[in-house]
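This report concerns only the one structure given below.
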Amino acid sequence: MRGFNFTATILFILLIACNVGKRQQVEQIIKDFEINNVSDKREIVFDIQITYNHGELTLKGETSEPILKNHLLTKLKPIQFVDSIVVLPDSSVDEKTYALVTVPVANLKATPSYSSELVTQAILGTPVKILKKRKDWFCIQTPDKYISWVNETAISPVTGSELQKWRNSERVIFTGINGSIFKDESLTTPISDVTLGSILEKGDKSYHSLKVRFPDGRTGFINTQNWIDFDIFKTETEYNREQIVSVAKQLNGRSYLWGGTSVNLMDCSGFVKTVYFSTGIILARDASLQALHGFELRLSEVEPGDLLFFGQNAAKAENIKITHVALSLGGTEFIHASGFVKQNSFDPASEIYSEYREKSFVKALRIIGLDDPGIQFVKNHPWY
């Protein structure tokens, strides 16, 4: 009996050692897979771990991309394990897997808390995808693929068919900088403000006003100035250098806000995103993400509307980190959000010369005419 117990103990130890080896092997496969296939966790949820319990290896975690899970499982096919990976949306979300922003500007957070860092914003009428829910907070993905958290008070969840109904409805989009929505046709009592790019459903039109409907069912009235039919905006709005510069200059002096992407308050990439959206183009959220998409130019080749990127270690050929983006105004001048929206120049003889920006300049990119997954047209986006 004593010999049997000794043999069983040895076998048990060997079994544990074997599974520990398999676990380490799987951990390395997951690590390598993530490095090679997950472009950026600001745009993709991919959090996978391997656990060992009661003699079984179990894959746990979550991802927003079913294709990534399938590819990972294919890589792990020779190894025996239990698949417990959740593909988002998870079970906390019912059939309402999309939502529409119902407030003028929704503040989107890094974690589900009001005290969490502001990472981005979404304006009235923006469609988003719901990934999961924790109490009264939703983890969402915005049309630019960015992942963040929003409180339930700022959105109206909808089913896929309800989103399609909204997409098929007559809508209007605000093309001014700031405006108001009013209680009735007298247009005297405001009930909401609006900013550039806000989208509402279209109602009955009178001589001097238009009835509009919020995503949550509320109604109001607008002066039709600076509002156009959304179908016209989608199909007829094209990249226009003059419009890019015009809209950008109208934002001169607006205050900087880390995480801001509306005309009210914005960070550097939020400023660029907002201006480009006025021409029907959706750019990636952050400057370092925007810097991955476009056609690179020499500084002498830039034209108004091209993007200029700045960063740390700009003078070096390696370990460059993009930290800032600006819009070229042509020649040596550019406009950007830095403290506030302002113009600067690379020309030392100019009154608005910035030595700091000249030394931290990294590269210039052109957006126009490119077919790139990081440069989306509103007219082609499946949520709009």
Side-chain angles (χ1 to χ4, degrees), residues 34-47 63-65 68 106-111 117-123 126-129 131 139-150 197 239 244 248 256-262 266-297 305-314 318-328 334 336-338 360-378 380-384:
E34 186 173 323
I35 292 172
N36 295 322
N37 296 277
V38 181
S39 55
D40 198 295
K41 286 194 174 182
R42 288 171 290 180
E43 300 181 329
I44 295 173
V45 176
F46 188 86
D47 183 18
T63 179
S64 58
E65 301 294 327
L68 286 181
N107 293 320
L108 310 184
K109 304 286 191 159
T111 61
E117 176 191 6
L118 177 69
V119 293
T120 191
Q121 294 177 320
I123 57 176
T126 300
V128 301
K129 184 177 182 179
L131 300 178
C139 180
I140 63 170
Q141 187 171 40
T142 43
D144 56 14
K145 303 179 183 179
Y146 214 69
I147 309 292
S148 57
W149 289 86
V150 63
Y239 181 94
I244 287 283
Y256 180 97
L257 174 67
W258 177 272
T261 60
S262 77
M266 66 213 85
D267 58 24
C268 64
S269 54
F271 166 69
V272 169
K273 270 182 61 66
T274 298
V275 172
Y276 262 83
F277 190 83
S278 71
T279 65
I281 296 174
I282 303 170
L283 297 183
R285 170 61 186 99
D286 295 337
S288 57
L289 292 170
Q290 293 172 359
L292 301 175
H293 310 283
F295 176 75
E296 190 162 354
L297 309 163
D306 290 334
L307 303 186
L308 307 174
F309 292 93
F310 307 81
Q312 299 173 3
N313 301 320
E318 56 184 22
N319 298 322
I320 295 174
K321 182 180 179 181
I322 299 295
T323 58
H324 190 67
V325 62
L327 281 171
S328 172
F334 54 92
H336 58 140
S338 178
S360 62
F361 174 74
V362 175
K363 64 179 178 179
L365 294 179
R366 178 162 296 162
I367 301 302
I368 187 170
L370 292 180
D371 181 15
D372 188 298
I375 304 167
Q376 304 179 78
F377 287 89
V378 173
N380 297 331
H381 199 288
W383 302 352
Y384 282 101

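- Nearest heavy-atom pair across Ala110 and Val119 is CB-CG1, 3.8 Å.
- You'll find the side chain of Asp267 reaches within 4.5 Å of the side chain of Arg285, heavy atoms only.
- With sequence neighbours excluded, the residues forming a ring pair (Phe, Tyr, Trp, His ring centres under 6.0 Å) with Phe334 are Phe310, His336, Phe346, listed by chain and number.
- By the ring pair (Phe, Tyr, Trp, His ring centres under 6.0 Å) test, Phe277 is found to be paired with no residue, residues two or more places apart in sequence or in another chain being considered.
- Pairing each heavy atom of Gln290 with each of Leu283, the nearest pair is NE2-CB, 4.3 Å.
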Practice task
Any chance you could lay out the side chain to side chain contact (heavy atoms under 4.5 Å, CB included) test for Ile140 and Ser148, step after step, and finish with the verdict?
Solution key: CA-CA 6 Å; Ile140 63 170; Ser148 57; 4.0 Å; yes

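- The shortest non-hydrogen separation linking Phe271 to Ala248 is CZ-CB, 3.8 Å.
- In terms of the salt bridge (Lys or Arg N to Asp or Glu O under 4.0 Å) criterion, Glu65 has no residue partners (sequence neighbours excluded).
- Every salt bridge (Lys or Arg N to Asp or Glu O under 4.0 Å) that Asp40 has, sequence neighbours left out, goes to Arg42.
- In this structure, Glu43 CD and Leu289 CG are separated by 4.5 Å, a value rounded to the nearest 0.5 Å.
- Not counting sequence neighbours, the partners of Asp306 by the salt bridge (Lys or Arg N to Asp or Glu O under 4.0 Å) test are Arg241, Arg366.
- Atom NE2 in His324 sits 8.0 Å away from atom OG in Ser360 (nearest 0.5 Å).
- Judged as a salt bridge (Lys or Arg N to Asp or Glu O under 4.0 Å), the pairs with a partner in residues 269-278 (not counting sequence neighbours) are, in order, Asp144-Lys273.
- Taking CD1 from Ile244 and OG from Ser328, the interatomic distance works out to 11.5 Å, rounded to the nearest 0.5 Å.
- Shown are Val325, Thr323, Leu327; of these, the side chain to side chain contact (heavy atoms under 4.5 Å, CB included) with Cys268 is made only by Val325.
- In terms of heavy-atom proximity, Pro143 sits nearest to Tyr384 at CG-OH, 3.7 Å.
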